[in-house]
K.L.:
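Take a look at this one; I'll ask things after.
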Amino acid sequence: MATNCTDYDFLQIEPHWQKLWSDSAAFRTPAIDPSKPKYYVLDMFPYPSGAGLHLGHCENYAITDILARYQRAKGKNVLYPIGWDAFGLPTENYAVKTGRHPREVTVENVATFRRQLKAIGVSYDFEREVDTTDPRYFRWTQWIWLQLFKKGLAYVEEKPVWWCPALGTVLANEEVIDGVSEVGKHPVERRPLRQWVLRITAYAERLLSDLKLVDWPDSTKRMQEAWIGRSEGAELLFALENSALGDLKVFTTRPDTVFGVTFMVIAPEHPLVDALTTPSQREAVAAYRKQAAAKSDLERTDLAKGEKTGVWSGSFAINPANGQKIPVWIADYVIMGYGTGAIMAVPAHDDRDYAFAQKFNIPVIQVIEPDHAEGRNGNGAPKLPYTGDGRLVHSDGYSGLPWEQAKKKITADLAARGRGQATVNFKLRDWLFSRQRYWGEPFPIVWVNEADYAAAVAHAKASGASLPLPSAPVTCVIDGETRYALPVPEQSLPLQLPEVKSYQPTGTGESPLAAITEWVDIWYDAATGHAAPASGAKPAAHYVSARRETNTMPQWAGSCWYYLRYLEPKNDASIASPEALKYWGGPDIYVGGAEHAVLHLLYARFWHKVLFDLGVVPTPEPFTRLFHQGIILGEDGEKMSKSRGNVANPDDIIKSHGTDTLRLYLMFLGPLEAMKPWNPNGIEGVHRFLQKVWRECVERDTGATHPKIVDEADATPADLAKLLHETIKKVGEDIEGLRYNTAISTMMIFVNAWQKAERIARRDALAFLQLLAPFAPHLAEELWSRCGGQAIASTVGTAPWPAFDPVKLVATEQKIVVQVCGKKRAEIILPTGAPEEVVIAAAKAHSDVSAFLNGKEIKRIIYIPGKILNIVAT
RNA sequence: GCCCCCGUGGUGGAAUUGGUAGACACACGGGACUUAAAAUCCCUUGGGCGAAAGUCCGUGCCGGUUCGAGUCCGGCCGGGGGCACCA
């Protein structure tokens, strides 16, 4: 079945085998087979952009393809799928520009990606493709969302969000980088809008603690920890001097410093600002709030490094620890979104409070005495602000206590008096989950008034339909009227996107969907989900007047659970059957870029945990092992980009050197996780290697098996046989450890030795081709076929992975390095396992060693068996 | 500012738990084959001194631990990533 070319014609060989794999469905995932171990290899699925595959994709997919092919050869039941994360802004923006339907653009881009993936010879099961924009897929995205809704994890809030005038849409915090939009780098501003929000904070504790269950890069775990940002401390109540106003609640991680409080600060957006502002301060406070509101986050960030700003409210609070009267300030270095939006300021022991106190001439009271000299100036006085550890001073009743102890005691004592309690705070915010765009999943929600809600729910119940209703209804105010969120029945999913002529954002903050009146304003049947345009007659008495939710879900939605859908992508009864979920479980390895270290990977963990709580999935974590491949940079060491003109195109390399060479070279460039520049010069090296393999296997001119390859089982010289078994061992270990670059160099070493040998046994040549097969599958198949491998298995990919023979690995001799005083002086060859006395005697007898021992006294001898002998002499 | 990672030949990089630094490749140079070229094969290639044998130095810099440090510890310098007034 091999081609008939006589030299290594990859342009003929590669398409030949790709067609054969495709025609024979060689990579169709095997059925569930409890007798065989499963192995699930997952790539972060691509966004099918118009630009097509780039080298980074190739690197990512080559890594997983090698692993998948290896695990198949090891006898595992391998699931290795691919899909398309196809909702999203770039496609919609392109559709807006060209007047084409985003679906049409998506279909086209997906076709390009699929063709390119096949051209790099990746062994996906293309029958399991998922596409997040396919209604049969997003039906389940909507279903999961309804479960969140039912559990009370979805709510609506009018909140200031990032409004981007240029994109005409709202952006999530994560999409705003340095004060401009991540996509397009447009300026953004704050603007209040009605939004769906997911209560991810309810899972903060578990998202943090369950990180210990997963095998992930430490840096990624730490990024998630930092993002969740757990901090332990206390909420303390400071009575206000004007007792009619009640208490001011602050969050602090340092209750031990409460005796050092010399002022309070509340955020400009704090609800008590107006009440606390005295008439004489009114003007100044108003001016300050206006100024703070006008600042973008970028400006506030810049200011973080510089001067503090603020204004006194005119009011005072009372320190619950010592009854002292302290002024309440308003300053934007305190943010409303964290803790309580109010702090107790301890300038002696906090950098920011110190800077503020310096600027506004507020007293500084030291209450922590450093234990160590580092905290002190030359004269013994503590360097202020001092944020390190120590013992309390100037703290009535607590002075002398170590700070950790004082934290607990002060918190407990204040709690006993009803003036505080220990609490935990998180930086993690709830997840802003709606977009004012067309190209996303519509929310399966309609809005109705209170009376219609009750009627609709009653009708649905009477009809036997079950609605995923939360225990407390989700409401919002639209045009002055309270509206109730009514979920569509699960059976009526998917809720499809209506056809629309213009994808242009409305510019009002609403999605383009809001302009499709006949879809939005409807008569609605809560039991069936059936709708008729409100412009027409009411179809039946039980229909209620409703307005559809016009927001769509963010791109993250579809990518939060796609790894589950691969198990049974065509299942219309559930996400996947319990049997499939139990057998395949989660991916054994998940490979993708580190840019998803927090967002996607945190969101997907959140959804997975919700599904776990619902009993849908059997595991608490979705991705047990995670690997980030490094970015391939341009030749100039900069990020590849069109504007820089440093983009290397995979298609060009496939034409000039073949995809086997491209894959092998990408893997050979360096450690997979390292960021590395593309160096087109080195590609000749791996190409030469593959040609060398060809020449060792194929006779020149005839194209038949090379005459050097013979059938006698023991034809391979002993040292080459030993090297082969070492190579088998190392390549296997390196693949499993994702150290492909050293696996490849090991294979190169073997081929260099093979080249020098007179003969090699056929089975040994074939064993080597099996090692090569995951990396360069097309060449390996071709040579397997030409060298008679079909007597063992029809394709090299289906042959069982070669085992190494440990007996062959045992050497009869060993080389021992002899050092004198730690410096290498000689090497001696001795039989393996020679006793120490023999080694020492042989070493001393060696002329290069004795020369350095001459006239010296031997103080000590260290022998590391089989490796090194160090003689210390003076 | 805080947290994390990384600094090895002309280049990409290799080096189990501390145990021969520079594997494997690229590039440069020299040679063989050839009328010639390409391809292929062989040799050299960290630096200094030396004709050579050899010898000293050498993993960003300074210091430490150790019989022995690219690897461990402390302090710098440089590069990259993440977070950023989070109380």
Side-chain angles (χ1 to χ4, degrees), chain A residues 7 178 217-227 229-231 233-234 250-254 257 265 267 297 300-306 308-309 331-335 337-346 349-353 355-356 425-429 594-595 597-598 628 630-631 637 665 668-671 673-686 688-689 691-692 695 733 737 739 741-749 751-752 755-756 815-827 848 851 859-864 866-873:
Chain A
D7 54 0
D178 292 338
D218 275 345
S219 58
T220 303
K221 284 192 185 185
R222 262 180 249 113
M223 279 167 67
Q224 292 222 344
E225 282 166 11
W227 193 265
R230 184 183 196 276
S231 57
V250 303
F251 173 72
T252 179
T253 55
R254 295 295 304 273
T257 62
V265 183
D297 259 21
R300 274 176 83 151
T301 302
D302 278 346
L303 290 166
K305 294 163 191 150
K308 294 276 178 287
T309 61
D332 66 2
Y333 82 91
V334 172
I335 49 183
Y338 184 77
T340 62
I343 63 160
M344 55 176 230
V346 185
H349 305 294
D350 181 278
D351 295 324
R352 294 146 305 176
D353 296 346
F356 193 85
N425 239 295
F426 295 94
K427 285 186 203 173
L428 185 66
R429 288 293 100 78
E595 67 273 19
V598 271
H628 298 304
I631 298 170
Y665 184 53
F668 186 63
L669 266 179
E673 65 275 16
M675 182 187 277
K676 41 203 176 282
W678 175 250
N679 174 0
N681 297 327
I683 199 162
E684 293 299 339
V686 293
R688 259 174 237 161
F689 164 68
Q691 290 199 300
K692 200 184 282 185
R695 285 195 308 271
E733 288 169 354
R739 293 180 298 267
N741 56 334
T742 51
I744 294 166
S745 62
T746 304
M747 290 190 282
M748 287 173 166
I749 291 168
V751 173
N752 287 342
Q755 191 178 27
K756 291 184 177 70
K815 185 168 69 180
I816 289 164
V817 171
V818 183
Q819 297 181 332
V820 178
C821 295
K823 286 201 172 173
K824 180 190 166 188
R825 295 301 176 187
E827 284 175 5
D848 288 349
K859 294 273 186 195
R860 198 174 158 186
I861 294 177
I862 293 112
Y863 179 53
I864 308 297
K867 273 189 181 165
I868 210 158
L869 180 78
N870 189 8
I871 303 172
V872 185

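Keep in mind the model is a prediction, meaning the values are calculated, not measured. The figures here come from the full heavy-atom set of this structure, side chains too, leaving out hydrogens, waters and symmetry mates. Here is the naming used below: chain letters follow the sequence lines, and residue numbers restart at 1 for every chain.
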K.L.:
Select base, sugar-phosphate, or nothing to describe what K221(A) touches, counting heavy atoms under 4.0 Å on all strands.
P.N.:
nothing
K.L.:
Closer than 4.0 Å, any side-chain N/O of N741(A) to the OP1 or OP2 of rG12(B)?
P.N.:
no
K.L.:
Within the structure, does a side-chain N or O atom of R222(A) lie under 4.0 Å from either OP1 or OP2 of rC4(B)?
P.N.:
no
K.L.:
rG50(B) and rU40(B): how far apart are their C1' atoms, nearest whole angstrom?
P.N.:
37 Å
K.L.:
For the P atoms, the ones on rC73(B) and on rG19(B), what distance do you get once it is rounded to whole angstrom?
P.N.:
15 Å
K.L.:
For a quick test of reading the model: is some side-chain N or O of Q691(A) closer than 4.0 Å to OP1 or OP2 of rA39(B)?
P.N.:
no
K.L.:
Kindly compute the distance separating CD1 (I864(A)) from CD1 (I862(A)), expressed to the nearest 0.5 Å.
P.N.:
7.5 Å
K.L.:
List the protein contact pattern of nucleotides 25-30 of chain B with one symbol per nucleotide (5' to 3'): B for base contact, S for sugar-phosphate-only contact, - for none; contact means a heavy-atom distance under 4.0 Å.
P.N.:
SSS---
K.L.:
For rC24(B), does OP1 or OP2 lie under 4.0 Å from any side-chain N or O of T742(A)?
P.N.:
no
K.L.:
Side-chain N or O of R695(A) less than 4.0 angstrom from OP1 or OP2 on rC41(B)?
P.N.:
yes
K.L.:
Taking only side-chain N and O atoms of K427(A), does any of them lie within less than 4.0 angstrom of OP1 or OP2 on rA84(B)?
P.N.:
no
K.L.:
How long is the straight-line distance from NE2 of H628(A) back to CD of E595(A), given to the nearest 0.5 Å?
P.N.:
8.5 Å
K.L.:
Got Y333(A) and I343(A) here, is their nearest side-chain heavy-atom distance under 4.5 Å?
P.N.:
yes
K.L.:
Is there a side-chain contact between F689(A) and Y665(A), using heavy atoms and a 4.5 Å cut-off?
P.N.:
no
K.L.:
What distance, rounded to whole Å, do you find between the two P atoms, one in rU59(B) and one in rU8(B)?
P.N.:
11 Å
K.L.:
Could you give the distance separating rC67(B) and rG29(B) at their C1' atoms, to the nearest angstrom?
P.N.:
42 Å
K.L.:
Got K692(A) and N752(A) here, is their nearest side-chain heavy-atom distance under 4.5 Å?
P.N.:
yes
K.L.:
Base, sugar-phosphate, or nothing for R739(A), non-hydrogen atoms under 4.0 angstrom?
P.N.:
nothing
K.L.:
Examine distances only and state if a side-chain atom of K676(A) and a backbone atom of P671(A) form a donor-acceptor pair shorter than 3.5 Å.
P.N.:
yes
K.L.:
Need the glycosidic conformation of rG9(B): syn if within 90° of 0, anti if not. Which one?
P.N.:
syn
K.L.:
Which whole number of Å gives the distance between the C1' atom of rC61(B) and that of rC49(B)?
P.N.:
26 Å
K.L.:
Determine the Euclidean distance between corresponding P atoms of rG60(B) and rG78(B); express it in Å to zero decimal places.
P.N.:
16 Å
K.L.:
Given the rule that a pair is Watson-Crick or G-U wobble with both distances under 3.5 Å, how would you write RNA chain B in dot-bracket, using | for pairs to a different strand?
P.N.:
(((((((..(((......[....)))..((((.......))))..((((....))))..(((((..]....))))))))))))....
K.L.:
With a 4.0 Å cut-off on heavy atoms, is T746(A) in touch with a base, just the backbone sugar-phosphate, or nothing at all?
P.N.:
nothing
K.L.:
Between rA39(B) and rC26(B), how far apart are the two P atoms, rounded to whole Å?
P.N.:
12 Å
K.L.:
Quick one: side chain to side chain donor-acceptor pair (under 3.5 Å) partners of D7(A), sequence neighbours excluded?
P.N.:
none
K.L.:
At under 4.0 Å, does any side-chain N or O of K823(A) touch on OP1 or OP2 of rC57(B)?
P.N.:
yes
